[in-house]
There are 2 protein chains.
Amino acid sequence: MQAATNTPVEINYEALSESAIHAMAESFKALADPTRLKILALLFAEERCVGNIAEHLDVSQSAVSHQLRLLRSLNIVRYRKEGREVYYDLADDHVRGILLRTFEHVLHD
Amino acid sequence: MQAATNTPVEINYEALSESAIHAMAESFKALADPTRLKILALLFAEERCVGNIAEHLDVSQSAVSHQLRLLRSLNIVRYRKEGREVYYDLADDHVRGILLRTFEHVLHD
DNA sequence: TAAATACATGAGCATATATTCATGCATTAT
DNA sequence: ATAATGCATGAATATATGCTCATGTATTTA
């Protein structure tokens with residue numbers, strides 16, 4: 001999670017395919033909601049099951065489940081089943097990095 | 001733009017204020033639209049005036065102007081006037097970093 | 001087996017959002 | 001001064017989105 005900053009990657013409009021643009025928009029959209037951000041902030045520290053998340057956020061279990069489905073579909077979170085509970089976790093450190101950067105961006109303004 | 005990765009910043013839910021969460025959501029929301037992303041991709045390389053952006057994206061001048069207003073309000077782009085033209089540019093390298101990271105995230109999937 | 005628990009999901013509704021259209025406001029050209 | 005150009009903006013509309021409610025499915029307990 002710490003390396004990779006001086007990558008030679010560049011963004012130029014001509015090279016960006018329509019599908020890449022839409023994929024990026026989808027990813028950002030997933031992070032563009034307070035409820036989902038709160039869920040991710042909780043998962044930033046440790047994995048949690050659905051009911052636990054709902055309690056902490058004071059949001060209905062249904063609402064949390066809907067949001068988790070969306071995050072799942074974009075590979076932002078992953079899950080594992082244990083009995084009748086389903087534990088969710090951040091999918092990878094890529095997500096952590098983006099969350100951290102934006103958090104900093106918001107702070108230093 | 002390249003340094004700053006091993007910052008000691010952490011995200012934990014309890015410490016995140018409601019307003020910080022909303023600020024982050026707003027920032028992500030600004031990046032969560034294909035048209036705005038295309039605009040930013042254009043500006044990634046160089047500053048451009050409104051009409052020029054509209055031409056390149058095949059979007060109406062009005063639509064571009066509306067989106068630029070939103071990006072402006074969140075300090076994602078900045079502008080300078082020159083005669084009757086207004087040139088827009090990315091506000092800072094923070095934005096570049098976030099765009100690059102997400103671009104990579106989308107590629108490596 | 002029946003009841004309870006934990007989570008997922010479809011439909012419906014209220015709100016948010018992106019675009020278009022019409023128009024306004026500067027600045028430059030005639 | 002009048003017209004033209006470049007950009008900004010308010011209103012209206014169509015679509016997208018997040019939540020609730022009702023219900024379904026899987027797993028555990030009585």
Side-chain angles (χ1 to χ4, degrees), chain A residues 18-19 21-43 46-91, chain B residues 18 21-43 46-89 91:
Chain A
E18 194 72 19
S19 65
I21 286 283
H22 280 270
M24 289 180 69
E26 284 306 304
S27 294
F28 282 127
K29 209 176 292 180
L31 304 178
D33 175 74
T35 299
R36 285 194 292 273
L37 276 180
K38 289 177 188 173
I39 291 175
L40 295 174
L42 276 179
L43 299 185
E46 54 183 350
E47 67 172 10
R48 287 176 187 270
C49 63
V50 180
N52 184 294
I53 296 172
E55 280 178 34
H56 275 264
L57 301 188
D58 198 33
V59 173
S60 77
Q61 176 268 315
S62 176
V64 170
S65 193
H66 276 294
Q67 302 295 17
L68 285 173
R69 174 161 63 158
L70 197 158
L71 294 172
R72 235 164 48 211
S73 74
L74 291 170
N75 292 313
I76 293 174
V77 299
R78 59 183 173 181
Y79 66 96
R80 74 180 172 81
K81 297 190 172 185
E82 185 175 319
R84 50 189 159 186
E85 288 165 352
V86 180
Y87 287 87
Y88 281 83
D89 194 4
L90 296 189
Chain B
E18 193 72 20
I21 287 283
H22 279 270
M24 289 181 70
E26 283 308 303
S27 293
F28 281 127
K29 209 176 291 180
L31 305 177
D33 175 74
T35 298
R36 285 194 292 272
L37 276 180
K38 288 177 189 173
I39 291 175
L40 295 174
L42 276 179
L43 299 184
E46 54 183 349
E47 67 172 10
R48 287 175 187 271
C49 62
V50 180
N52 184 294
I53 296 172
E55 281 179 33
H56 274 264
L57 301 189
D58 198 32
V59 173
S60 77
Q61 176 269 316
S62 177
V64 170
S65 193
H66 276 293
Q67 302 295 15
L68 285 172
R69 173 162 63 158
L70 197 159
L71 294 173
R72 235 164 48 211
S73 75
L74 291 169
N75 291 313
I76 292 174
V77 299
R78 59 182 175 183
Y79 66 96
R80 72 180 174 81
K81 296 189 172 186
E82 186 175 319
R84 50 188 159 186
E85 288 163 353
V86 179
Y87 287 88
Y88 282 83
D89 194 3

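Order of the sequence lines sets the chain letters (A, B, ...), proteins ahead of strands, with each chain counted from 1. Side chains are part of it too, since the values below use all heavy atoms of this structure and drop only hydrogens, waters and symmetry mates.
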List, with names and distances, any nitrogen or oxygen atoms from the protein found under 3.5 Å away from nitrogen or oxygen atoms belonging to nucleotides 27-30 of chain D.
none

What's the closest nucleotide to the B:S65 side chain, out of C:dT9, D:dG6, D:dT9? D:dT9
What salt bridge (Lys or Arg N to Asp or Glu O under 4.0 Å) pairs are there with at least one residue in residues 68-79 of chain A, not counting sequence neighbours?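 Applying salt bridge (Lys or Arg N to Asp or Glu O under 4.0 Å) to every pair that reaches into residues 68-79 of chain A, excluding sequence neighbours, yields A:R78-A:D89.
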Determine whether B:V77 and B:L40 satisfy the following criterion, side chain to side chain contact (heavy atoms under 4.5 Å, CB included), listing intermediate values before the conclusion. CA-CA 8 Å; B:V77 299; B:L40 295 174; 3.8 Å; yes
For B:E26, enumerate each residue passing the side chain to side chain donor-acceptor pair (under 3.5 Å) test, keeping only those at least two apart in sequence or located in another chain.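 Here the qualifying residues are B:K29.
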Would you give the length of the straight line joining atom [atom1] of [X] to atom [atom2] of [Y], rounded to the nearest 0.5 angstrom?
| X | Y | atom1 | atom2 | answer |
| --- | --- | --- | --- | --- |
| A:T35 | B:I21 | OG1 | CD1 | 9.5 Å |
| B:K38 | B:L43 | NZ | CG | 14.0 Å |
| A:S62 | A:Q67 | OG | CD | 10.0 Å |
| A:L68 | A:I76 | CG | CD1 | 11.0 Å |

Is B:Q61 touching bases, backbone alone, or none of the nucleic acid, heavy atoms closer than 4.0 Å?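 If one applies the 4.0 Å heavy-atom cut-off, B:Q61 turns out to touch a base.
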Contact class for A:Y88 vs. all strands (heavy atom < 4.0 Å): base, sugar-phosphate, or nothing?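 Sugar-phosphate contact only.
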What pairs of nitrogen or oxygen atoms, one from the protein and one from nucleotides 17-19 of chain D, lie under 3.5 Å apart?
{"residue": "D:dT17", "atom": "OP1", "partner": "A:K29", "partner atom": "NZ", "Å": "3.1"}
{"residue": "D:dG18", "atom": "OP1", "partner": "A:R36", "partner atom": "NH1", "Å": "3.2"}
{"residue": "D:dG18", "atom": "OP1", "partner": "A:R36", "partner atom": "NH2", "Å": "2.7"}
{"residue": "D:dG18", "atom": "OP2", "partner": "A:R36", "partner atom": "NH1", "Å": "3.3"}
{"residue": "D:dC19", "atom": "OP1", "partner": "A:T35", "partner atom": "OG1", "Å": "2.7"}
{"residue": "D:dC19", "atom": "OP2", "partner": "A:Q67", "partner atom": "NE2", "Å": "2.4"}

Interatomic distance where [atom1] belongs to [X] and [atom2] belongs to [N] [whole Å]:
| X | N | atom1 | atom2 | answer |
| --- | --- | --- | --- | --- |
| B:Y79 | D:dC7 | OH | P | 13 Å |
| B:L68 | C:dA18 | CG | P | 13 Å |
| B:L74 | C:dT17 | CG | C1' | 14 Å |
| A:H22 | C:dA18 | NE2 | C1' | 13 Å |
| B:E85 | D:dT5 | CD | C1' | 9 Å |
| B:R80 | D:dG6 | CZ | C1' | 15 Å |

Please determine whether any donor N or O and acceptor N or O are separated by less than 3.5 Å between the side chain of B:S62 and the base of C:dT19.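 It does not, because no donor-acceptor pair links the side chain of B:S62 to the base of C:dT19 below 3.5 Å.
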Distance-only criterion, 3.5 Å: show the donor-acceptor pairs between side-chain atoms of residues 47-55 of chain A and protein atoms not counting sequence neighbours.
{"residue": "A:E47", "atom": "OE1", "partner": "A:R80", "partner atom": "NE", "Å": "3.2"}
{"residue": "A:E47", "atom": "OE2", "partner": "A:R80", "partner atom": "NE", "Å": "3.4"}
{"residue": "A:E47", "atom": "OE2", "partner": "A:R80", "partner atom": "NH2", "Å": "2.5"}
{"residue": "A:R48", "atom": "NH1", "partner": "A:N52", "partner atom": "OD1", "Å": "2.7"}
{"residue": "A:R48", "atom": "NH1", "partner": "A:H56", "partner atom": "NE2", "Å": "3.3"}
{"residue": "A:R48", "atom": "NH2", "partner": "A:E46", "partner atom": "OE2", "Å": "3.4"}

With a 4.0 Å limit, can you tell me whether B:R72 has a side-chain N or O closer than that to the phosphate oxygens OP1/OP2 of D:dC7?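 Checking D:dC7 against B:R72, no side-chain N or O comes under 4.0 Å of OP1 or OP2.
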OP1, OP2 of C:dT17 versus side-chain N and O of B:R69: anything below 4.0 Å?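 For C:dT17, neither OP1 nor OP2 has a side-chain N or O of B:R69 closer than 4.0 Å.
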Please enumerate all residues that pass ring-ring contact (aromatic ring centres under 6.0 Å, His included) together with A:Y88, with sequence neighbours excluded.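 A:Y88: ring-ring contact (aromatic ring centres under 6.0 Å, His included) contacts with A:Y79.
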